[in-house]
Protein chains: 2
Amino acid sequence: MDSKTLSKYEARAVIIKAMAHPTRLFIVDQLAKKERSVNELTEMVGDDVSTISKHLAVLRNAGIVRDERRGAQVFYSLKVPCILNFFGCVEQVLRTTADEHLQVIKIR
Amino acid sequence: MDSKTLSKYEARAVIIKAMAHPTRLFIVDQLAKKERSVNELTEMVGDDVSTISKHLAVLRNAGIVRDERRGAQVFYSLKVPCILNFFGCVEQVLRTTADEHLQVIKIR
DNA sequence: TCCTTGTTTGGTCATTTTGCCAAATTGCCA
DNA sequence: TGGCAATTTGGCAAAATGACCAAACAAGGA
């Protein structure tokens, strides 16, 4: 792979890596429903605030979410809704895998 | 987040993590066109064979690709084509981000 | 059976990622 | 300005990831 091709895939990988964490997936799922403050998200997840803040920074730097300060609070919202299409396909992969396990059981 | 909800997002994260690497993205892109042997993919990427083999194992364990041995060679192919939809959205995120940088330049 | 080609596995090391705490920052209001 | 609540940043230790080499495995042909 030449370096130009590589950098194309590196740029893509940054976006996908930003989604590649259970907590960040949960956050994206919540933000798909409505915007949330850091504090709200922190309570929903149950980790330290600083941890959530860093997860949000990852999503923000990747361009997936947007932040807006209103008074003392910072509200995050989903910037690119098509991200949700990911989930549909991910579910399909999970279903396919599950089906195969059932097949194995059946054949036995 | 309760442990049941967590495990749901952990399962999803396994799939997405499997895609979160430039080399693995390249491989998926190639397999979308046609099946390939480990050796062919190795030559296209230019890393050590063992490295490619391990990347393929990650994709296989995630349920994204399928392997089939024919003689001495093992051919990999894409099992879940909807994975390609990822790319469209990823490009959109990249475009959005690029546009914002342009805005910043314009405003200056 | 031995050899050769193609692939996977085990081991090691460097790098990156995570999550917590403590400290710094921001904005509002008395 | 001082104080308070919300958020971010710096720093650190533990865990996960990625890449290479060497060794083990698998399949087919001489």
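Values below: every heavy atom of this structure, side chains too, minus hydrogens, waters and symmetry copies. In the text below, chain A, chain B and the rest are named by the order of the sequence lines, each starting its count at 1.
- Annotation: cation-pi pair A:Arg60/A:Tyr76 absent, no NZ/CZ under 6.0 Å from the ring centroid and within 45° of its normal.
- Below 30°, between 30° and 60°, or above 60°: for A:His55 and A:His21 the angle between ring planes is between 30° and 60°, a tilted geometry.
- Contacts between residues 67-77 of chain A and DNA chain D, defined by a heavy-atom separation below 4.0 Å, involve A:Ala72, A:Gln73, A:Val74, A:Tyr76, listed by number.
- Rounded to whole angstrom, the span from the CE atom of A:Met19 across to the P atom of C:dT18 amounts to 14 Å.
- Across the protein-nucleic acid pair, B:Lys17 atom NZ and D:dA16 atom P stand 9 Å apart, rounded to whole Å.
- A salt bridge does not link B:Arg66 to B:Glu35: none of the charged side-chain nitrogens sits closer than 4.0 Å to a carboxylate oxygen.
- For the pair B:Cys82 and B:Asn85, the minimum side-chain heavy-atom distance is below 4.5 Å.
- Under the 6.0 Å distance and 45° angle rule, B:Arg70 counts as a cation-pi partner of B:Phe75.
- In this structure, B:Thr5 contributes its side chain and B:Met1 its backbone to no donor-acceptor pair below 3.5 Å.
- The pair B:Asp67-B:Lys79 fails the salt-bridge criterion, with no side-chain N (NZ, NE, NH1 or NH2) lying under 4.0 Å from an Asp/Glu carboxylate O.
- Between B:Met19 and B:Arg24, every side-chain heavy-atom pair lies at or beyond the 4.5 Å cut-off.
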Nucleotide N/O to protein N/O under 3.5 Å, stretch nucleotides 20-24 of chain D:
residue: D:dC20; atom: OP2; partner: B:Asp48; partner atom: N; Å: 3.3
residue: D:dC20; atom: OP2; partner: B:Thr51; partner atom: OG1; Å: 3.2
residue: D:dC20; atom: N4; partner: B:Lys54; partner atom: NZ; Å: 3.2
residue: D:dC21; atom: OP2; partner: B:Asp48; partner atom: OD2; Å: 3.4
residue: D:dC21; atom: N4; partner: B:Ser50; partner atom: OG; Å: 2.9

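- Side-chain atoms of B:Asp48 and B:Thr51 include no donor-acceptor pair closer than 3.5 Å.
- What separates CG of A:Asn39 from P of C:dC28 is a distance of 17 Å, to the nearest Å.
- Taking 4.0 angstrom as the limit, A:His55 places none of its side-chain polar atoms (N or O) nearer than this to OP1 or OP2 of C:dT17.
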Between A:Asp29 and A:Phe87, does a side chain to side chain contact (heavy atoms under 4.5 Å, CB included) hold up when you go through it step by step?
CA-CA 9 Å; A:Asp29 229 4; A:Phe87 295 137; 3.6 Å; yes
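- In terms of hydrophobic clustering, with Ile, Leu, Val, Met, Phe, Trp and Tyr side chains grouped at heavy-atom distances under 4.5 Å, B:Val58 and B:Val14 are assigned to different clusters.
- Atom CD1 in B:Ile52 sits about 18 Å away from atom P in D:dT17, given to the nearest Å.
- Near-neighbour residues of DNA chain D inside residues 21-37 of chain A, defined by a heavy atom below 4.0 Å, number-ordered: A:Ser37.
- Between the CG atom of A:Leu59 and the P atom of D:dT8 there is a distance of 12 Å, given to the nearest Å.
- Between B:Leu41 atom CG and C:dT8 atom P the separation is 10 Å, expressed in whole Å.
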